[in-house]
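What follows is a set of notes on a single structure, which appears directly below.
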Amino acid sequence: MAVKLLGDPKFSEKVKELSGEDVRLCIQCGMCSSGCPTASKMDITPRKMVRLIQLGREEVLNSKTMWVCLSCFTCVVRCPRKIDLAKLGEALRQIRLRKGLDHIHISEIPEEERKKLPQIALVSNFRKFTS
């Protein structure tokens, strides 16, 4: 039985459209992951996030990596191809939120839980519902 490696090419194109980043340029060197200050808190490495996007694999939307990213740009500085992973993460957050997978009403979140939430999750949610 063959393993399906490729996903939906439209997914990769949507990420490119939203982020302006061409993940096909990535050579999978791992510099982004090795320099990331929050990589140890991520369920998949930044390198793997890019690879899943390259393959059109939408399961990357289930990763917490895009929510943990600090947008510190260490990955961009270290990347020999200058791919901006922060832009990729923002594109993934937008896609996920547009699918209605994370409709957040801040008033319904207990205060203790709000303190634990990644702030970027709240910011991305509010961007979704404002024009």
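We count residues from 1, following the sequence as given. In this text, all values refer to a predicted model and were calculated from it rather than measured experimentally.
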How far apart are the closest heavy atoms of Ile27 and Pro80, and which atoms are they? CD1-CG, 4.2 Å
What is the distance from atom CZ of Arg51 to atom OG1 of Thr45, rounded to the nearest 0.5 Å? 12.0 Å
Could you give the distance from SG (Cys26) to CD1 (Ile53), rounded to the nearest 0.5 Å? 9.5 Å
Residues Leu52, Glu58; criterion side chain to side chain contact (heavy atoms under 4.5 Å, CB included); working and verdict: CA-CA 8 Å; Leu52 290 171; Glu58 290 190 48; over 6 Å; no
Any non-hydrogen side-chain atom of Arg96 less than 4.5 Å from a side-chain atom of Asn62? yes
Side-chain donor-acceptor pair present, Asp84, Ser19, cut-off under 3.5 Å: no
Verdict with reasoning, Glu21 to Lys16, per side chain to side chain contact (heavy atoms under 4.5 Å, CB included): CA-CA 5 Å; Glu21 298 296 310; Lys16 182 179 179 182; over 6 Å; no
Cluster question for you: counting only ILVMFWY and a side-chain heavy-atom cut-off of under 4.5 Å, with indirect links fine, are Val23 and Met31 together? no
Of all the heavy-atom pairs spanning Gly35 and Thr74, show the shortest one and how long it is. O-CG2, 3.2 Å
Linked, directly or transitively: Leu70 and Leu92 (ILVMFWY side chains, under 4.5 Å): no
At what distance, to the nearest 0.5 angstrom, does NZ of Lys48 lie from OG of Ser63? 9.0 Å
Salt bridge (charged side-chain N to carboxylate O under 4.0 Å, His left out) between Lys115 and Glu112, intermediate numbers included: CA-CA 5 Å; Lys115 291 177 183 177; Glu112 282 302 310; 3.5 Å; yes
CZ of Arg57 to OG of Ser12: how many Å apart, nearest 0.5 Å? 11.0 Å
Atom CG in Asp43, atom CE in Met66: separation rounded to 0.5 Å? 9.0 Å
Side chains of Ser34 and Arg78, heavy atoms from C-beta outward: is any pair under 4.5 Å? yes
Please examine the side chains of Lys14 and Arg98, heavy atoms only from C-beta on, and report whether any two atoms are closer than 4.5 Å. yes
To check you understand the geometry: which heavy-atom pair defines the closest contact between Met49 and Val60, and what is its length? CG-CG2, 3.8 Å
Do Arg81 side-chain atoms and Leu25 backbone N/O form a donor-acceptor pair below 3.5 Å? yes
I'd like to know if the side chain of Gln54 pairs up with that of Arg24 as donor and acceptor (distance under 3.5 Å, no hydrogens or angles considered). no
Please check if atom NZ in Lys41 has more than 12 non-hydrogen atoms from other residues, nucleotides or ligands closer than 6.0 Å. no
Transitive ILVMFWY cluster of Met42, excluding itself - 4.5 Å side-chain cut-off: Val68
Do Pro46 and Cys75 touch side chain to side chain, with heavy atoms closer than 4.5 Å? no
When clusters are formed from ILVMFWY side-chain contacts under 4.5 Å, directly or step by step, what else is grouped with Val76? Phe73
I'd like to know if the side chain of Arg47 and the backbone of Ser33 have a donor-acceptor N/O pair within less than 3.5 Å. no
Salt bridge or not for Lys87 and Glu90, using N-O below 4.0 Å? no
